[in-house]
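Lettering of chains follows the sequences in order, A, B, ..., and the numbering in each one begins at 1. This one's a predicted model, so the numbers in the text were calculated from it and none came from an experiment.
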Protein chains: 2
Amino acid sequence: MSMMNFTLKQLRYFTVAGEHRSVTKAAELLYVSQPSISSAILHLEEVTGLQLFIRHHAQGLSLTPQGQQFYRRARKLLREAEELSQFASSLGSDISGTLNIVGFPTFTSLMMPSLIKEFVERYPDVYVDCQEMPQKELIQNILDCNYEIGVTYDMELPTNIEFQPLVSLPPFAVVSHDHELAQRESVSIKELADMPMVMLDWPVSRQYFMSLFISRDLRPECRYRTQSLTMARGMVANGFGYSLFNMPLSSDMALDGTRLKAIRIEEELTPLTMGVVKLAQSRTTPAADAFIELLKDSVSDHPPQKATAKTQKISA
Amino acid sequence: MSMMNFTLKQLRYFTVAGEHRSVTKAAELLYVSQPSISSAILHLEEVTGLQLFIRHHAQGLSLTPQGQQFYRRARKLLREAEELSQFASSLGSDISGTLNIVGFPTFTSLMMPSLIKEFVERYPDVYVDCQEMPQKELIQNILDCNYEIGVTYDMELPTNIEFQPLVSLPPFAVVSHDHELAQRESVSIKELADMPMVMLDWPVSRQYFMSLFISRDLRPECRYRTQSLTMARGMVANGFGYSLFNMPLSSDMALDGTRLKAIRIEEELTPLTMGVVKLAQSRTTPAADAFIELLKDSVSDHPPQKATAKTQKISA
DNA sequence: CGGGTTGCATTAATTAAACTGATGCTGAAC
DNA sequence: GTTCAGCATCAGTTTAATTAATGCAACCCG
């Protein structure tokens with residue numbers, strides 16, 4: 001198999017010789033010796049079995065009819081090789097092509113749509129593919145190079161994943177507007193431990209929320225669990241209990257119209273850090289660099305909350 | 001200029017490694033050593049400036065997003081190179097492509113249309129380009145390789161033109177149906193010399209017709225000249241004089257309806273030989289070979305006149 | 001018609017490139 | 001922690017490309 005017994009260089013030598021009807025001229029133009037051209041042509045004639053040129057003694061060459069047909073196709077191939085070469089260099093320098101992003105569910109649905117919109121407006125040559133999925137799967141996809149960058153929490157990351165922190169998200173409590181805590185300005189974690197809790201049950205965030213209690217030798221009254229953020233909001237708003245979030249509420253209304261309220265927690269709890277993950281060993285594409293830059297700008301302009309937030313501010 | 005710092009072989013090594021996510025596997029499949037694959041990939045990464053693969057220690061490679069994009073284009077180029085290779089081998093073996101023919105005017109208009117029709121019916125993959133032009137120009141075009149084969153007379157041929165005789169065409173006289181010779185079965189060249197003649201004035205045929213007289217120390221009464229065969233027929237049919245032809249009349253009627261008659265010449269005159277010309281040094285394409293074969297068959301089945309014709313038979 | 005010229009092919013020697021076997025190195029698996 | 005898998009590196013070798021010099025055959029010109 002693989003009958004390509006010729007090289008691009010030989011094709012190039014051949015075409016230039018064909019264009020100028022001269023081996024000698026081609027050698028001059030290509031800055032090589034005349035026998036190099038000659039042998040390239042002979043080699044092509046050898047492997048194709050065609051007579052590509054007629055040699056007019058003392059006055060150059062001319063392409064045979066077969067040679068002309070072969071010439072056209074050879075030129076085409078060389079053009080395409082050149083295009084590949086330019087494509088490769090544009091891949092390394094232009095902000096274009098496809099950018100594959102994967103993000104942690106809550107954050108992604110909340111932040112990415114507007115962010116991607118701004119990004120593609122600024123860089124219209126980029127096509128963005130953005131998916132959301134749980135942490136474990138996300139990391140696996142980054143490891144497998146299915147996605148170039150991920151946007152998620154600094155949790156359960158293997159050593160060969162590089163994490164670039166974007167924003168620090170301390171947890172806060174959420175209650176319904178008629179909850180006993182609704183009028184309080186702040187609440188302690190110790191108080192919360194005795195109240196019924198609605199647990200947002202993502203694989204990694206659950207462990208995090210649990211650790212907030214356990215590190216203080218507390219045990220939350222974890223009465224309800226759900227994997228849906230919308231569901232959790234609804235349950236809290238309907239008075240099932242409080243919940244702990246670390247992404248801003250964005251709206252104080254649950255899907256059924258009942259209302260929520262965010263309450264600061266008095267203790268300084270270890271925040272979750274949201275950031276960009278990628279393979280440590282992989283260079284980023286220009287498109288990914290640009291996206292990360294935009295992400296940083298976006299976070300510093302409109303922080304979901306301040307990176308070092310002591311007090312809690314929830315955007316309406 | 002010319003940034004193609006890679007070879008087809010390197011692209012091939014790269015793509016196979018990409019497909020199998022393994023340098024080692026690619027080396028096995030391609031029957032080369034593992035460092036060969038490795039260095040090809042490194043070279044490509046060098047010249048493109050891209051990181052094509054991520055090396056997972058002890059468990060192969062995977063293509064980076066950039067690597068995937070480069071891979072697709074590389075595969076495309078390799079496919080096209082393979083196609084070029086196959087195209088070249090089909091050029092040398094298939095009866096297909098374009099066949100350029102050039103012919104001497106009278107013969108071409110008379111014989112080629114039906115011949116080409118039969119040819120393309122038998123070999124539908126061939127596109128035939130057939131032109132007619134005077135001898136000098138025809139030969140120049142053959143020398144310049146603008147046409148692969150020519151169909152013409154064995155006259156004024158340079159040494160590096162190869163001539164393959166097809167049919168011998170002795171000249172005959174043509175007169176109007178009410179000419180004084182019209183009822184004669186034959187006429188001598190000596191008689192004709194004193195009669196008014198209509199000369200078909202092609203560059204080479206004129207010299208030939210003149211030589212028929214001059215070699216016998218005769219001088220024709222060359223009253224009228226024309227470069228148009230149709231015109232010559234018309235003038236003869238209208239009684240301007242006789243003419244000498246060597247291609248069959250094919251029809252005994254001139255364009256205006258007046259009639260012609262062919263008369264055998266008593267002397268055995270040196271015939272013109274019609275044949276195929278091509279560059280001596282050039283191999284013929286399969287299509288040209290097939291065409292020449294058909295030409296030979298056609299001539300031997302329906303000879304314009306017998307190659308050694310003594311008596312004159314004119315097809316209606 | 002012969003010497004000079006032109007231009008491709010050939011040759012032999014050189015240089016560059018590709019290839020190989022062996023070894024090193026690093027993370028993964030057990 | 002030890003072994004294993006798998007890519008990179010190295011040094012030596014084989015192969016291919018390149019070159020300067022020469023050969024050769026037709027064209028050109030006086």
Using whole Å, what does the distance between atom [atom2] of nucleotide [N] and atom [atom1] of [X] come to?
| X | N | atom1 | atom2 | value |
| --- | --- | --- | --- | --- |
| B:His56 | D:dG6 | NE2 | P | 13 Å |
| A:Glu46 | D:dA17 | CD | C1' | 16 Å |
| B:Arg21 | D:dC7 | CZ | P | 12 Å |
| A:His20 | C:dT6 | NE2 | P | 19 Å |
| A:Glu28 | C:dG7 | CD | C1' | 11 Å |
| A:Gln34 | C:dT6 | CD | C1' | 12 Å |
| B:Tyr31 | C:dG21 | OH | P | 16 Å |
| A:Ile54 | C:dA9 | CD1 | C1' | 17 Å |

May I ask you to say what A:Leu42 touches in the nucleic acid, namely base, sugar-phosphate or nothing, with a heavy-atom cut-off under 4.0 Å? sugar-phosphate
Using a heavy-atom cut-off of under 4.0 Å over every strand shown, decide if B:Ile41 touches base, sugar-phosphate, or nothing. nothing
Go through the steps to decide whether B:Glu45 and B:Arg55 satisfy the test salt bridge (Lys or Arg N to Asp or Glu O under 4.0 Å), and finish with yes or no. CA-CA 13 Å; B:Glu45 289 186 322; B:Arg55 279 75 172 171; 2.9 Å; yes
Answer with yes or no after comparing the ring centroid distance for B:Phe87 and A:Phe70 against a 6.0 Å cut-off, counting only values under it. no
Any side-chain heavy-atom pair of B:Leu138 and B:Glu132 under 4.5 Å: no
Assess the residue pair A:Thr7 and A:Leu11 against the criterion (side-chain contact (heavy atoms from CB on, under 4.5 Å)); give the C-alpha distance rounded to whole Å, side-chain angles, the decisive distance to 0.1 Å, and a yes or no. CA-CA 7 Å; A:Thr7 68; A:Leu11 290 180; over 6 Å; no
Mind listing the N/O atom pairs, protein and nucleotides 24-30 of chain D, below 3.5 Å?
none

Specify the residue among A:Glu45 and B:Pro35 whose closest nucleotide of DNA chain C lies further upstream toward the 5′ end. A:Glu45
Any chance you could lay out the side-chain hydrogen bond (donor to acceptor under 3.5 Å, both in side chains) test for A:Tyr147 and A:Asp129, step after step, and finish with the verdict? CA-CA 9 Å; A:Tyr147 295 88; A:Asp129 177 11; 4.7 Å; no
Which nucleotide in the list C:dA9, C:dG7, D:dC7 gets nearest to the side chain of A:Thr24? C:dG7
Can a side-chain donor-acceptor contact be found between B:Thr98 and A:Gln69 if the only test is distance below 3.5 angstrom? no
So, B:Glu148 and B:Thr284: side-chain donor and acceptor under 3.5 Å apart, yes or no? no
Do any N or O atoms of the protein come closer than 3.5 Å to N or O atoms of nucleotides 16-19 of chain C, and which pairs are they?
| from | atom 1 | to | atom 2 | distance (Å) |
| --- | --- | --- | --- | --- |
| C:dC19 | OP1 | B:Lys9 | NZ | 3.1 |
| C:dC19 | OP1 | B:Tyr13 | OH | 3.1 |

If you apply the rule salt bridge (Lys or Arg N to Asp or Glu O under 4.0 Å), what do you find for B:Arg75 with B:Glu19, and how did you get there? CA-CA 10 Å; B:Arg75 268 300 294 274; B:Glu19 281 152 21; 2.8 Å; yes
Does D:dA8 have its OP1 or OP2 closer than 4.0 Å to a side-chain nitrogen or oxygen of B:Arg55? yes
Tell me whether the OP1 or OP2 atom of C:dA9 has a side-chain N or O from A:Ser38 closer than 4.0 Å. yes
Looking at OH of B:Tyr208 and OH of B:Tyr153, how far apart are the two atoms once the value is rounded to the nearest 0.5 Å? 9.0 Å
